[in-house]
**Student:** 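Sending over a structure as structure tokens; questions will come in a sec.
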2 protein chains.
Amino acid sequence: MEPTSHVSVDVLVLRYDRALRQLRLGLHERTLEPFAGWPALPGVLLLRGERIRDAAARALAKVQLTARGSGQLITFDEPSRDPRGPTLSVATWAVTDDIGTARWSGWDERPPLAFDHDRIVTDCRPLLAGMLWRDPSFTRLLTGAEFPVTDALALHQALTGAAPDRGNLNRTLATIPGLHRTDRQASTGRGRPSTIWAWSPSPTP
Amino acid sequence: MEPTSHVSVDVLVLRYDRALRQLRLGLHERTLEPFAGWPALPGVLLLRGERIRDAAARALAKVQLTARGSGQLITFDEPSRDPRGPTLSVATWAVTDDIGTARWSGWDERPPLAFDHDRIVTDCRPLLAGMLWRDPSFTRLLTGAEFPVTDALALHQALTGAAPDRGNLNRTLATIPGLHRTDRQASTGRGRPSTIWAWSPSPTP
DNA sequence: ACAAAAGTGTTAAAATTACACCCATGG
DNA sequence: CCATGGGTGTAATTTTAACACTTTTGT
């Protein structure tokens, strides 16, 4: 018995799938008990002296992913959340471009998760929704360097649940510093092609 | 050498001093090395299986205080923040009525603190400012069951740095659910007496 | 009467929302 | 030429902010 609780870092891995036009959540199929065979947020135990961001990177490595950026959300401290013993969970977000070996799931079609990870996801969603369009680095990572408004709409819908008015979303984008509309367009199949927005060169100088 | 970092819970203890009309921060004079003799945020090491809220209560007990309410802020993970070895710090807030054995300091006249506690205080201030008037339970704890507008003004000023317009603050208060103005007044010395606002019976049912 | 503190009224500016209508493309 | 998706324009509503002016008290 250790004198203190363990600390795990669990990551909400986000990846915007341009083909599916959907924000997807990266899950890791557990191989060990408890919850063997269950999908879970990728997580690791925080090592002595390790920074949370680095632990998150290790968690991503378990599914062969590297984060473009990450950040802290909330800490969950329910003592029985892990049957192996009391373990804090520092929830973090990370954005990636790759597929890795993760199991990718839509936000709403997500299967039941191991531990209290369902709760973590539900509690953290509004936090992420609040960061979209307001936190430039988070937003930039999700959208990538360039994106059509359609993708912006899908992102907004994925995180807030409701689809915003297209016109208003356009105006919102126009007010974001470092973001500007280009004269290029993206053909999406049927319908009028969407204007492409682009970030200025240096997002985090 | 333990396999994992320690976890401390450090508390920003808040107490509104009606006589001084000032929000004060409760500090604990350290007796042990490192930083013996320095003032610090009251903190304890999180025990195995202990909830953050309970650890915060233990920290307050070190200065003979009990919290009326508390909550989580951010987690600091800089590995060298504690010279004894890597220690996470989960910063929390707590509101109390008592004096206890704490050393109370105004927010701006506060002395240099031990560890990275100066940084914790500076980083957390805007978070607390954002909770004021928006988070009803936090607000209610700070103001108490009844309060004159003057106190509201002092609280706002302490957390945001700037004093708000009196008229606008009055209107802000009027929109807060569960809060209503009474027909009583508080004489504050010279000048026109201040209207007393009161919370409705059950704040957190 | 005057200064200090509190309160009211009014208005300007900004952000949020909603909705009607026009434009471009594929079938 | 029409359904589909994208964009612009406009207006109502709400929030935020600022400031002038009035009221009440102690000295």
**Student:** Do any N or O atoms of the protein come closer than 3.5 Å to N or O atoms of nucleotides 21-23 of chain D, and which pairs are they?
**Tutor:**
unit_1	atom_1	unit_2	atom_2	d
dT23(D)	O2	R192(B)	NH1	2.9

**Student:** Could you list the residues that satisfy side chain to side chain contact (heavy atoms under 4.5 Å, CB included) with A59(B), not counting sequence neighbours?
**Tutor:**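 Per chain and number, A59(B) pairs via side chain to side chain contact (heavy atoms under 4.5 Å, CB included) with V11(B), P42(B), V44(B).
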**Student:** Identify, with sequence neighbours excluded, every residue that meets salt bridge (Lys or Arg N to Asp or Glu O under 4.0 Å) alongside R184(B).
**Tutor:**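 With neighbours one apart ignored, the set is E146(B).
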**Student:** Parallel, tilted or perpendicular, judged at 30° and 60°: which one describes the rings of F147(A) and W199(A)?
**Tutor:** tilted
**Student:** Applying side-chain hydrogen bond (donor to acceptor under 3.5 Å, both in side chains) as the test, list every pair that has at least one member in residues 10-26 of chain B; sequence neighbours left out.
**Tutor:**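 Those involving residues 10-26 of chain B are S8(B)-D10(B), D10(B)-S89(B), Y16(B)-D151(B), R21(B)-D151(B), Q22(B)-R24(B), Q22(B)-E109(B).
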**Student:** Holding to side chain to side chain contact (heavy atoms under 4.5 Å, CB included), I want the full list of residues that pass it with P34(A), two or more places apart in sequence or in another chain.
**Tutor:** R30(A), D82(A), P83(A), R84(A), F115(A)
**Student:** Between G191(A) and N170(A), name the one whose nearest nucleotide on DNA chain D is closer to the 5' end.
**Tutor:** G191(A)
**Student:** Mind checking if T150(B) touches a base, just sugar-phosphate, or nothing, with heavy atoms under 4.0 Å?
**Tutor:**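 Sugar-phosphate, backbone atoms only, no base.
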**Student:** Quick one: which residue pairs count as a side-chain hydrogen bond (donor to acceptor under 3.5 Å, both in side chains) with a foot in residues 119-131 of chain A, not counting sequence neighbours?
**Tutor:** D108(A)-R125(A), R119(A)-D123(A)
**Student:** Quick check on dT25(D): is either OP1 or OP2 less than 4.0 Å from any side-chain nitrogen or oxygen of R190(B)?
**Tutor:**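 Answer no for this pair, as no side-chain N or O of R190(B) is under 4.0 Å from OP1 or OP2.
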**Student:** Go through DNA chain C in 5' to 3' direction and return only the first and the last nucleotide with some atom under 4.0 Å of chain A's heavy atoms.
**Tutor:** dT17(C) to dG26(C)
**Student:** Which residue pairs pass the side-chain hydrogen bond (donor to acceptor under 3.5 Å, both in side chains) test with at least one member in residues 94-107 of chain B, sequence neighbours excluded?
**Tutor:** R68(B)-D97(B)
**Student:** Are any non-hydrogen side-chain atoms of L153(B) and L169(B) less than 4.5 angstrom apart?
**Tutor:** yes
**Student:** Which residues satisfy the salt bridge (Lys or Arg N to Asp or Glu O under 4.0 Å) test with R192(B), sequence neighbours excluded?
**Tutor:**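 Salt bridge (Lys or Arg N to Asp or Glu O under 4.0 Å) check on R192(B) returns nothing, list empty.
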**Student:** Got a sec, which residues hit side chain to side chain contact (heavy atoms under 4.5 Å, CB included) with R181(B), two or more places apart in sequence or on another chain?
**Tutor:**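 Partners of R181(B) under the side chain to side chain contact (heavy atoms under 4.5 Å, CB included) test: T195(B), W197(B).
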**Student:** Indicate for each nucleotide in nucleotides 13-18 of chain D, in 5' to 3' sequence, whether protein heavy atoms under 4.0 Å reach the base (B), only the sugar-phosphate (S), or nothing (-).
**Tutor:** ----BB
**Student:** In whole angstrom, give the distance that lies between atom CZ of R166(B) and atom C1' of dA20(D).
**Tutor:** 15 Å
**Student:** Can you list every pair that meets salt bridge (Lys or Arg N to Asp or Glu O under 4.0 Å) and has a residue in residues 53-65 of chain B, with sequence neighbours left out?
**Tutor:**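 Checked against salt bridge (Lys or Arg N to Asp or Glu O under 4.0 Å) - neighbours excluded - the pairs reaching residues 53-65 of chain B are E50(B)-R58(B).
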**Student:** Using whole Å, what does the distance between atom C1' of nucleotide dG26(D) and atom CD of Q185(B) come to?
**Tutor:**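 Whole-Å distance recorded here is 15 Å.
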